[in-house]
Amino acid sequence: MSNPSIALETDLTHIFPDMIKSDERQGYEGYIVEPAQLVYFLTRLRDELGYDYLSSVTGVDYLPEGKMEVVYHLRKSTGGAPLVIKTQVARENPVVDSIVSVYPGAEFQEREAWDLLGIRFDKHPDLRRILMWEGFDGHPLRKDWREGYFEEDSKPFKSRWPDGHFKRSEQINPFGKNVDYPAGFDPETWIPEPETALYAGLDKMVRGVEETAIDTEQIIINLGLNIHPHTVYFEWRLR
Amino acid sequence: MAAKVDGETIVGLKPVMGYLHRNHEKIGERNTYLLNMPFTDRLDYFCSMSNNFGYALAVEKLMGIKPPERAEYIRVIMAELTRIVNHVSTIGFLLNDLGAYFTPILYAFEERELILDIFEAVSGSRMMCNYFRFGGVARDLPAGTLDKIRDLVFERLSRKIDELELYLTNNEILRHRSEGVGVLTPEQALAYSTTGPVLRASGVPYDLRRADPYGIYDRFDFDVAVRYHGDVYDRYLVRIDEIRQSIRILQQAVKDIPEGPIQEGKPQYQVRVPAGESYGRVEGPKGELGFYIVSTGKPNPWRYHVRAPSFINLTPLELMCIGQKVADVVVILGSIDIVLGETDR
Amino acid sequence: MYGSGILKGLLVTLKHFINTYRDDLRQGKKRYHTPEGIAYRSSKEAQGIFTVQYPEEKLPVPEEFRFIPFLVYEEKAEGEIEYRCTSCGICAKVCPPQCIWIIRSSDPNTGRPIPDPAEFFIDADICMSCGFCSEYCPFDAIKMDHDYELANYDRQKNNIFDKVKLGKPVSYYAQIRPDNYAREEAARVEAEAIRAARRPRP
């Protein structure tokens, strides 16, 4: 329901004939771009065609076709419907160029795609897990990954009706038969690794700090936040 | 956040998140389309009506249906009431972070309580409303609710916002602590994909209700609230401006609302959604809330992704905090207005 | 003058403070622990103190309020209870956290299913009070309750609601949701009239 006068009038395949093609799948829209040309194409879109605002970066796992797709929604800051750009890579070892050099706002979203789907982004400044904890094994949003309390692929579950013999969730025990641990892993004796990657990243940072008269030292502190972000308390953790 | 400080000045900052990660997107893939609606309530738990709106728009675009007139007006009324609820709480919490411990929250929450009472009368629940359906809304407004909304919108809210401004906007402590703190230039704001009040306080007049209208927003007469300094004080002022514009929209909507059906077709629990992809987005109180859904024609979605404004608005946090003191970081975080339910999904 | 903003703010706070006691003096004993007092404090003219002092004063819940569901039964002659539920299973299918467990009962002689639930469990720990079960039940057999004071000390024993604990009479339903009940009864009477008109005349 967007204003038709500021919708897309140009067909981008005329401007970039060898890099992109229209997405012809039924019900889909936008353009599919070659992974090698991605950064160049987006730079030209931003500088020449005025798409200076990246709305969202997300990944999709197409298991039956063996592809991983990264979907970008771009907008113009003057308004209009989003332009949808996609790249497709193979599902084993997916690697895509990072667009943080073009749109810095993609930083956290690409980290999320790496964390949850396993798509590696080349030249990303700090590719670490963001939502899951460091040391987590696996990429949860992949279609072949099953969560701890997995029962069926889609609701409604057959165990509820017509034969609904009640079972508590705790009885569907996650330490039972329906979860996989990596080989040789023993939950009783595992010690989690500290957040070395996080602090190493901070250590490397040398921002412009002026010399002041006061002799101060540089330390790393953890500003903690409980569940609701507006009652902040400080937790001093010195390295 | 892990912050590297030199004395009291911030030299580097990295946000650490994921403590409320509930794998909402994977649960979304297991649910059918209708069953996902109450889960979207729990994303940004302050603004559940807006979340429902975005999801309903995404699926309606795939199904190709449009809600009837009365349902569209009810949707706009609920969305704007949610915006007032959210901004009023945010201002309260910003002042809490500044040190005015709980007094502004207490006064602001009176308005929030009255609006939540309306939500309870209409949908059955104060916060987890679960009110929107594909093709309209679930139930019609009960008798007397429209009068209560009229009372609030025409009489009480403007007066109370004036009172809020009276004791907050010119307060010297607020001004000293928030002017010039956490500045974000318009180029940076656009490059870092910020949306919502954070973007508009930096001078970029981008509001999805004007730029890419959805629902019936093109019929209402309202201004886009913009400020040009990009600091914490401007984000506070933009939110007050937006509350006033919301009251303006509400006054027009409550006057023009027609009678009629509230849902397109019979209510069904097994909706038929054709194959395709769609990106349904609303201008939520915190920014652009988008739902990207890929469907293969089966009863449950193939991919369900939430473009969460709080998550993406955190990207320039480091940029805004470098060179500020530790105490300012708290204020800057409060002015971005994040909700962890949305950040971590 | 520097500091005038702070002074104005303090005057506003003082006004709120005085308003509390001014209304106390004006309304006297009727202000607390009475339904009119609670209604005043949740209306648009409320000034001063805003709090409803739970548990001595309880805000009346609106009709649409939803908490854990309950099964509606009709009371027939001689104290016999007939549940409206036919164990069609729509509520179990449409429940987002899948907290409803139903066992259909079958005829002991023929083994075919009969429209009556043998067992009906709702796990109240998982129920998210969304209201879908009552919205999509075709027989008006399961409705959302208003009782929210369900806290107890032993969740393993108390929080799985079975058919007996879930059953409440139609009179209770009519009392907590009068408008909904009136609308459903009117629709039922109308459907019955249409069906009677279509039946062939003897």
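These figures come from a predicted structure and were not determined experimentally. Just so we're on the same page: letters track the sequence lines, and every chain starts at 1.
Ranking A:K143, A:R25, A:R46, A:E107 against chain B, the residue ahead of the rest is A:K143, based on heavy-atom pairs under 4.5 Å. In terms of non-hydrogen atom pairs under 4.5 Å with chain B, the most contact-rich of A:I130, A:V57, A:L116 is A:I130. Between chain A and the options B:D207, B:V204, B:T195, the largest number of non-hydrogen pairs under 4.5 Å is found for B:T195. Between chain A and the options B:G323, B:G276, B:A308, heavy-atom pairs under 4.5 Å are most frequent for B:G276. The most heavy-atom pairs under 4.5 Å with chain A, out of B:Q188, B:K298, B:R307, come from B:R307. Most heavy-atom pairs under 4.5 Å with chain B: of the set A:A106, A:S56, A:P156, this distinction falls to A:S56.
Side-chain N or O atoms of A:S154 include none that pairs as donor or acceptor with a backbone N or O of B:N300 at under 3.5 Å. The main-chain N or O of A:V60 is never found under 3.5 Å from a side-chain atom of B:W302 such that the two would form a donor-acceptor pair. Between the side chain of B:K26 and the backbone N or O of A:R142, at least one donor-acceptor pair lies under 3.5 Å.
Contacts between A:E29 and chain B at a heavy-atom distance below 4.5 Å involve backbone atoms as well as side-chain atoms. With a 4.5 angstrom heavy-atom cutoff, B:I312 touches chain A only via side-chain atoms. Proximity to chain B is limited to the side chain of A:V71, based on heavy atoms less than 4.5 angstrom apart. Only the backbone of B:T194 comes within contact range of chain A, with at least one heavy atom under 4.5 Å from a heavy atom of that chain. At a 4.5 Å heavy-atom cutoff, the contact between A:R75 and chain B is made by side-chain atoms alone. Using a 4.5 Å cut-off between heavy atoms, A:V84 touches chain B through its side chain atoms alone. Of the atoms belonging to B:E288, it is side-chain heavy atoms, and not backbone ones, that fall under 4.5 Å from chain A. Interface residue B:L208: only side-chain heavy atoms are found under 4.5 Å from chain A. Contact of B:N23 with chain A is made through the side chain alone, with heavy-atom distances under 4.5 Å. With a 4.5 Å cut-off on non-hydrogen atoms, B:T296 does not touch chain A at all.
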Go through it in stages, so that I can follow the logic: the residues are B:K14 and A:D126, the test is side chain to side chain contact (heavy atoms under 4.5 Å, CB included), and I'd like the CA-CA distance, side-chain angles, deciding distance and then a yes or no. CA-CA 10 Å; B:K14 290 223 179 272; A:D126 185 15; 3.5 Å; yes

Side chain to side chain contact (heavy atoms under 4.5 Å, CB included) assessment of A:E112 paired with B:M17: CA-CA 11 Å; A:E112 185 198 342; B:M17 56 188 83; over 6 Å; no

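In this structure, B:D212 and A:P82 approach most closely via the heavy-atom pair OD2-CD, 3.6 Å. Pairing each heavy atom of B:A191 with each of A:P104, the nearest pair is O-CD, 3.4 Å. Taking both residues in full, the closest heavy atoms of B:T343 and A:L131 are given as O-CD2, 4.1 Å, listed atom of the first, atom of the second, then distance. Nearest heavy atom pair, residue A:G79 against residue B:A211, reads CA-CB, 3.7 Å.
Between A:Y103 and B:Y192, the gap from one ring centroid to the other reaches at least 6.0 Å.
For CD of A:Q26, the number of neighbouring non-hydrogen atoms (other residues, nucleotides, ligands) closer than 6.0 Å is 12 at most.
Between B:V294 and A:Y62 there is a side-chain heavy-atom pair separated by less than 4.5 Å.
Counting only N and O atoms by type, the side chains of B:R281 and A:S55 include no donor and acceptor under 3.5 Å apart.
The distance from atom NE2 of B:H21 to atom CH2 of A:W133, rounded to the nearest 0.5 Å, is 9.0 Å.
Under a 4.0 Å N-O distance rule, the pair B:R303/A:D61 does not qualify as a salt bridge. With salt bridges taken as basic N to acidic carboxylate O contacts below 4.0 Å, none links A:K155 and B:E29.
Using cut-offs of 30° and 60° for the angle between ring planes, the B:F311 and A:F108 rings count as tilted.
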